[in-house]
Amino acid sequence: MNRVEGRDKVTGRATYAYEYLADEAAYVYPVQAAIGRGRIRAIDAREALATPGMLAVLSSDDPPELQADADAELALLQNREVAYYGQIVAAVVADSLEIARAAAETVRVEYEAEPPHVQLRADDPDLYTPEKVNPAFPTTTSQGDVAAGLARADVTVDQTYTTATMHNNPMEPHAAIAAWEPDGSLTVWDSTQGPSADRDLVAKVLGLPADQVRIISRHVGGGFGAKGTTRPHAVLAALAARAVKRPAKVAVTRQQMFDLTGYRTPTIQRIRLGAAADGRLTAISHEVVEQTSMIKEFAEQTATPTRVMYASPALYTTHRLARLARLARLNVPTPSWMRAPGEAPGMFALESAMDELALAAGIDPVELRIRNEPQAEPDSGLPFSSRNLVACLREGARRFGWDGRDPRPRMRRDGRYLIGTGVAASTYPARRRPSTAHVRVTGDGFEVRIAASDIGTGARTALTEIAARALSVPADQVRVELGDSALPTASLAGGSMGTASWGSAVVKACEDLLKNGGTEGTADTSEDIKADSELARHAFGAQFAEVRVDMDTGEVRATRLLGVFAAGRIIDETLARSQFIGGMTMGLGMALMEQTVVDEHSGGFLNHDLAQYHVPAHADVLGIEAAWIDEDDAHLNPMGAKGIGEIGIVGTPAAIASAVYHATGQRVRDLPITPAKLVS
């Protein structure tokens, strides 16, 4: 079916966070730190306050009242310490955005600067092992004897792979409007992936009961993880509105987004593989080094996909983080979620190493993966609810024309272009989280109410279809209301778990209505999720890539991408294809162009706009196809669906990197694969 909100979007009637009307709104513009580490000595805002139209300057001279245990990233202006370049050190509030921005330039901040520590190095003597990796996985897992497995192997691979600092760049910048009501309650129109969680955290930071905070987020122009948690702009809007006793608006600029809204940590990953002559693995070791910040710890779960992929009698994974002088962490902003956290960088390293192992063993890369198919999840020993990776590999090979491929590198040419092909596997957990939904009969059909967030994925449409099927009525008789924390509580749109979580609650609520023969139904899935049987739940896929590499310039063009996925029952084919292709396009960007350059002296991000931080444009996506196999998994949820938003990115970078090797004979283990790395 067509997207139910499609007409509103193409006609401009869909309202995003910054676009809501607010009477006598004030405008807020942050002042950011100009040093990478140190302390604020003094703040002089006299010139700013003398500007016509100015309302207030917020700073640590008079710290806003926040809870003592407020989230460290959201505890704005509470002290004079500077932890990283670009940190918010003050904020200007004025009658217009233009006045606020101009006045912010006149705020003088004096610092006591210290040399920042900003570079991630695998040989850093102060690396440490965190207690857990995001969200609550064990940092280290070990089974069997890896050293012995490597020693008895006929073929081994021992390589280090690196991925760059990367930033989410959703079309809609982070923005919020905050308005305090006479009764002391607060309404925030925020660009967020989770209104319910956003409400709870904003309330906690400000010391309010959760029922006195309302978050409205009807439409979100992309998030990709960057809007998965409450960001400083939302709290800043609330503080400014409280200070000037007027609604306050904040729109984070594209440049400020690089400092204030999270990013993917760079990674350094050592992969060691051992295999017998027939390609069957004897040992896997995956060691990860990454970074976190002085503000708070975030540990990307980079090695976790290695724990589920291939059968091996010995398997070891671990993570370490960089810190400063054994007392603190790096002088960088806090890393956070970016589409397919963990799996995206981790599977680049693992799948690249598997390609190298296939070459060393003289085995086809597709066949090598099939030979190492596990009977149960390798790390936990749990049976899979379903696992159809082999079917994806075989169907992908058929569609792509893999048979007959000459495995030797640098064998295909078209004029001055070298042509190569590559393959990689994909995986992502099939999660769901507790949610609540309410369904009621209306004059012209049914209304579904749930505080879900549609971040551009088509959540309204998917939930409309799910409810219509559960109620056995046409879809045009169902209306879905979402995007408001005043609605029944819902999990956030992230971790590829939105549809599975919200849809489960919607189906149960519809069943409740039908069972009771009444006019409404309500469901809370908390107890259902607690009662889940012990199964390993994952989606899987196979990615194939063809590239053309210019022999003179080193420019790489991905001419064909194919992804074949096993992701449970597909709710809507149009939405699914869009999500798979979107993920694969993001994987193309990760492979060939996306990289945030860090100033080694200050820690600031140098290419902090879309002119210099390159994301794929239409001309970069030459041929891309997504397909799936029929998969019936009754263990997941009432719909039998797995998440599809993130698995598309996971295997794409490794498939492209292997295709580049096949074309050129040069193995690039450091993403992105830029021309300079091929012609130097």
Side-chain angles (χ1 to χ4, degrees), residues 17-18 22 24-35 39-67 70-111 173-180 186 188-191 201-202 205-206 230-261 295 333-334 604 608:
Y18 197 72
E24 298 184 349
Y27 294 80
V28 189
Y29 197 85
V31 177
Q32 297 177 267
I35 63 169
R39 183 175 176 79
I40 298 171
R41 179 184 294 128
I43 298 175
D44 184 353
R46 288 173 295 180
E47 184 177 348
L49 289 169
T51 303
M54 273 292 300
L55 299 173
V57 174
L58 309 181
S59 75
S60 55
D61 281 350
D62 183 15
E65 183 178 346
L66 299 175
Q67 290 299 102
D71 178 277
E73 274 195 295
L74 305 178
L76 303 178
L77 313 176
Q78 296 299 290
N79 60 59
R80 302 176 83 80
E81 299 298 321
V82 175
Y84 63 90
Y85 189 95
Q87 179 181 336
I88 295 176
V89 295
V92 170
V93 190
D95 283 334
S96 74
L97 176 60
E98 292 78 11
I99 294 171
R101 187 165 188 165
E105 296 290 332
T106 70
V107 176
R108 305 291 178 235
V109 184
E110 295 182 19
Y111 301 98
H174 294 63
I177 304 173
W180 292 86
L186 173 68
V188 183
W189 291 263
D190 192 12
S191 183
L201 192 48
V202 169
V205 170
L206 297 174
T230 303
R231 297 299 181 188
H233 71 278
V235 174
L236 189 60
L239 296 178
R242 186 170 67 185
V244 301
K245 297 180 173 54
R246 289 164 54 176
K249 304 181 72 167
V250 176
V252 179
T253 68
R254 182 67 58 182
Q255 292 82 4
Q256 291 167 346
M257 283 172 60
F258 279 73
D259 301 317
L260 305 177
T261 64
I295 300 294
T334 305
H608 53 242

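Of the residues Val205, Thr230, Thr334, the one that meets the side-chain contact (heavy atoms from CB on, under 4.5 Å) test with Glu73 is Thr334. In summary, of the residues considered (Asp44, Val31, Val89), a side-chain contact (heavy atoms from CB on, under 4.5 Å) with Val107 occurs for Val31 alone.
The shortest non-hydrogen separation linking Ala75 to Leu66 is CA-CD1, 3.8 Å. Between Ala241 and Trp180, the shortest heavy-atom distance links the atoms CB-CD1, 3.6 Å. Among all heavy-atom pairs drawn from Ala248 and Ala240, the shortest one is CB-CB, 3.9 Å. Taking all atoms of both residues into account, the shortest heavy-atom contact from Ala48 to Val57 is CB-CG2, 4.3 Å. In plain terms, the two heavy atoms of Gln32 and Gly86 that are nearest each other are NE2-O, 2.8 Å. Here the closest non-hydrogen pair linking Leu236 and Pro30 is CD2-CB, 4.2 Å.
Counting heavy atoms from C-beta on, the side chains of Arg246 and Val93 never come closer than 4.5 Å. Between Leu239 and Val28, the closest side-chain pair of non-hydrogen atoms is not below 4.5 Å. In this structure, Ile43 and Ser60 have side chains that are in contact, with non-hydrogen atoms separated by less than 4.5 Å. A heavy-atom distance below 4.5 Å is found between the side chains of Val92 and Met54. Contact of the Tyr29 side chain with the Thr253 side chain is registered, since non-hydrogen atoms from C-beta on lie closer than 4.5 Å. Residues Tyr27 and Asp95 are not in side-chain contact: their nearest non-hydrogen atoms beyond the backbone lie 4.5 Å or more apart. The side-chain heavy atoms of Arg80 and Asp61, taken from C-beta on, include a pair separated by under 4.5 Å. Considering only heavy atoms from C-beta on, Val188 stays 4.5 Å or farther from Ile177 through its side chain.
Note: Asp259 CG to Tyr85 OH = 8.0 Å, rounded to the nearest 0.5 Å. Remark: Lys249 NZ to Trp189 CH2 distance equals 10.5 Å, nearest 0.5 Å. In this structure, CD in Glu110 is found 13.5 Å from CZ in Arg39, a value given to the nearest 0.5 Å. Rounded to the nearest 0.5 angstrom, Glu105 CD and Glu47 CD are separated by 11.0 Å. The distance from atom CD1 of Ile88 to atom CG of Leu260, rounded to the nearest 0.5 Å, is 4.5 Å. With rounding to the nearest 0.5 angstrom, the CD atom of Gln256 is 12.0 Å from the NE2 atom of His174.
In this structure, Ser191 contributes its side chain and Ala175 its backbone to no donor-acceptor pair below 3.5 Å. In this structure a side-chain-to-backbone donor-acceptor pair under 3.5 Å is present from Arg242 to Glu65.
When the shell of 6.0 Å around CZ of Arg101 is examined, it contains 12 or fewer heavy atoms from other residues, nucleotides or ligands.
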